Q: 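Before anything else, here's the structure in question.
In what follows, chains carry the letters A, B, and so on, assigned in the order in which the sequence lines appear, proteins first and then strands, with residues in each chain numbered from 1. Here the structure is a predicted model, which means the values were calculated and not measured.
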Protein chains: 2
Amino acid sequence: MTLSLREKRRQETGLQIQKATLELAMKSGLDNVTTDEIAAKSGVSTRTFFNYYPNKEAAAIGHPPRFTQAQMDALRVGSGPLAADLKQFLDIHIAALSEREDIVRMVGNVLRSNDKARGILEGLLSAERGVLAEALCARVNDRQTATSLANNVTSAIRAAILLWRQEEGMTLGSALDVVWSGLLDAALLLSSTQNNEAKS
Amino acid sequence: MTLSLREKRRQETGLQIQKATLELAMKSGLDNVTTDEIAAKSGVSTRTFFNYYPNKEAAAIGHPPRFTQAQMDALRVGSGPLAADLKQFLDIHIAALSEREDIVRMVGNVLRSNDKARGILEGLLSAERGVLAEALCARVNDRQTATSLANNVTSAIRAAILLWRQEEGMTLGSALDVVWSGLLDAALLLSSTQNNEAKS
DNA sequence: TCTAAACCTTGCATAGTCTGCAATTTTTGC
DNA sequence: GCAAAAATTGCAGACTATGCAAGGTTTAGA
């Protein structure tokens with residue numbers, strides 16, 4: 001995990017550009033900001049901007065935290081009840097997001113009105129979801145079940161962010177708790193009439 | 001539901017443009033197709049193309065079937081067990097999609113590689129999900145629970161299409177059955193250790 | 001049937017996005 | 001220090017998307 005000077009700079013400049021993008025987007029909306037303005041504010045040429053991100057939407061999204069290997073492994077070999085392990089998985093991820101609250105909020109703003117940004121993030125999330133489903137598959141031994149669980153996990157993250165953005169004095173963590181309890185209730189409702197048609 | 005000549009033409013031209021877009025996209029990938037080509041193939045001017053859709057990705061997506069009022073009402077006042085009502089809701093929607101299999105398949109292709117298209121569809125789905133959550137809220141009396149259920153429903157649609165695209169001899173309906181059974185299993189797993197921390 | 005209003009289509013001009021290329025500068029490893 | 005590797009930059013050019021204004025078509029009502 002040691003970074004060469006080059007790698008470190010690259011990372012810093014990338015972050016710099018993301019912040020410039022988001023700040024400008026907060027003022028006028030991303031659609032009304034030009035790549036020229038972003039580049040100028042970031043202190044690089046327009047051409048260089050495109051060396052860092054393929055488009056301004058990607059610059060706004062930046063590089064969200066990914067699920068870590070440790071998180072995955074904990075799930076695969078998990079000892080506790082599945083629900084508890086998943087909740088812990090989510091807690092870890094939400095903690096990572098909490099360290100960048102400002103960025104999360106601004107990115108959320110962009111996502112409201114920009115289709116392309118939404119698509120980019122959705123693509124990243126979808127990849128993460130796939131990896132998570134793969135890991136869960138080792139635990140529950142059924143691909144569709146794993147997929148559904150992975151769906152619920154990533155949806156919970158999105159829902160928690162949404163709730164946190166809209167309720168004033170809430171932390172991301174407490175928003176997750178609320179979402180999670182709703183998710184468990186939903187699961188209970190769905191499984192209460194179990195043997196009706198579970199395996200068609 | 002009677003359409004004036006004007007409305008009918010508009011609808012036909014819109015569909016025409018979507019099909020032209022998708023066919024060209026199948027050949028070379030949407031990114032390698034210009035709006036000029038699409039317009040030419042659709043028999044309208046480039047300028048008119050942009051009167052129908054704001055960009056080529058939107059043209060590729062077109063106007064997917066929405067949840068109908070009847071579907072919603074059935075859920076709101078539903079009599080059976082919730083899971084059964086939701087499954088029926090899904091069956092209806094999947095039936096609507098089945099009538100456009102060719103388009104569904106081509107759109108799916110575009111979504112693979114085009115972020116903007118993904119974002120546009122995600123936006124539409126997200127709106128539908130919100131409406132559905134609203135309806136479910138009347139039934140389960142808790143917003144987060146309703147949101148989670150709505151998430152599972154729209155995810156199931158996506159998962160069913162994905163499964164159908166990847167397994168050769170499958171119908172959309174049978175793909176949904178497989179997905180649904182996985183979803184119920186997941187719900188069961190999540191709710192099996194119920195009283196641990198459901199309400200934190 | 002005729003007509004004015006509403007609506008559509010189109011071409012043109014223009015701002016903005018994004019890529020390839022080649023010249024220049026910076027960083028790296030030795 | 002120095003040559004190789006990598007990053008930055010300007011420029012040219014294809015493509016996307018919108019405003020505007022000039023015409024053409026449809027609609028509704030007298």
Q: Atom CD1 of B:I61 and atom OG1 of B:T21: how far apart are they, to the nearest 0.5 Å?
A: 11.0 Å
Q: Nearest-nucleotide wise, let me know which of B:D36 and A:T46 is further upstream toward the 5' end of DNA chain D.
A: A:T46
Q: Using a 4.0 Å heavy-atom cut-off across all strands, classify A:T34 as base, sugar-phosphate, or nothing.
A: sugar-phosphate
Q: When you measure from the side chain of A:R6, which nucleotide among D:dA17, D:dA6, D:dT27 comes out closest?
A: D:dA6
Q: Looking just at side-chain N and O atoms, do B:D31 and B:N114 make a donor-acceptor pair shorter than 3.5 Å?
A: yes
Q: Measure the distance from NZ on A:K116 to C1' on C:dC18 and round it to the nearest whole Å.
A: 9 Å
Q: First locate atom CG of A:L183, then atom NZ of A:K87, and finally report the distance between them rounded to the nearest 0.5 Å.
A: 11.0 Å
Q: How is A:N51 classified with respect to the nucleic acid when contacts are heavy atoms under 4.0 Å: base, sugar-phosphate, or nothing?
A: base
Q: Can you tell me which nucleotide in D:dA5, C:dC7, C:dT10 comes closest to the side chain of B:S45?
A: C:dT10
Q: Check the distance between C:dC8's P and B:F50's CZ and give it to me in whole angstrom.
A: 18 Å
Q: For residues A:V107 and A:L162: do they belong to one hydrophobic cluster (side chain heavy atoms under 4.5 Å, members Ile, Leu, Val, Met, Phe, Trp, Tyr)?
A: no
Q: Would you say A:K8 places a side-chain N or O within less than 4.0 Å of OP1 or OP2 belonging to C:dT28?
A: no
Q: Applying a 4.0 Å non-hydrogen cut-off, can you work out what A:T48 is touching in the nucleic acid: base, sugar-phosphate, or nothing?
A: base
Q: Output the rounded distance in Å from CD (B:E37) to P (D:dA14).
A: 15 Å
Q: Without hydrogens or angle criteria, can the side chains of B:T145 and B:S148 be said to hold a donor-acceptor pair below 3.5 Å?
A: no
Q: In this structure, how many angstroms lie between the C1' atom of D:dG24 and the CZ atom of B:R9, rounded?
A: 12 Å
Q: Closest-nucleotide mapping onto DNA chain C: is A:R47 or A:D31 further toward the 5' terminus? I mean the 5' end.
A: A:D31
Q: Any side-chain N or O of A:Y52 under 4.0 Å from OP1/OP2 of D:dA7?
A: no
Q: Distance check needed: C:dG11 P versus B:F49 CZ, whole Å only.
A: 16 Å
Q: What contact category does A:Y53 fall into here, base, sugar-phosphate, or nothing, at under 4.0 angstrom with non-hydrogen atoms?
A: nothing
Q: What is the separation between atom CD on B:Q11 and atom P on C:dC7, rounded to the nearest whole Å?
A: 18 Å
Q: Starting at CZ of B:R10 and ending at P of D:dT27, how long is that distance when rounded to a whole Å?
A: 14 Å
Q: Can you check the A:E12 CD to C:dT26 P distance for me, whole Å?
A: 18 Å
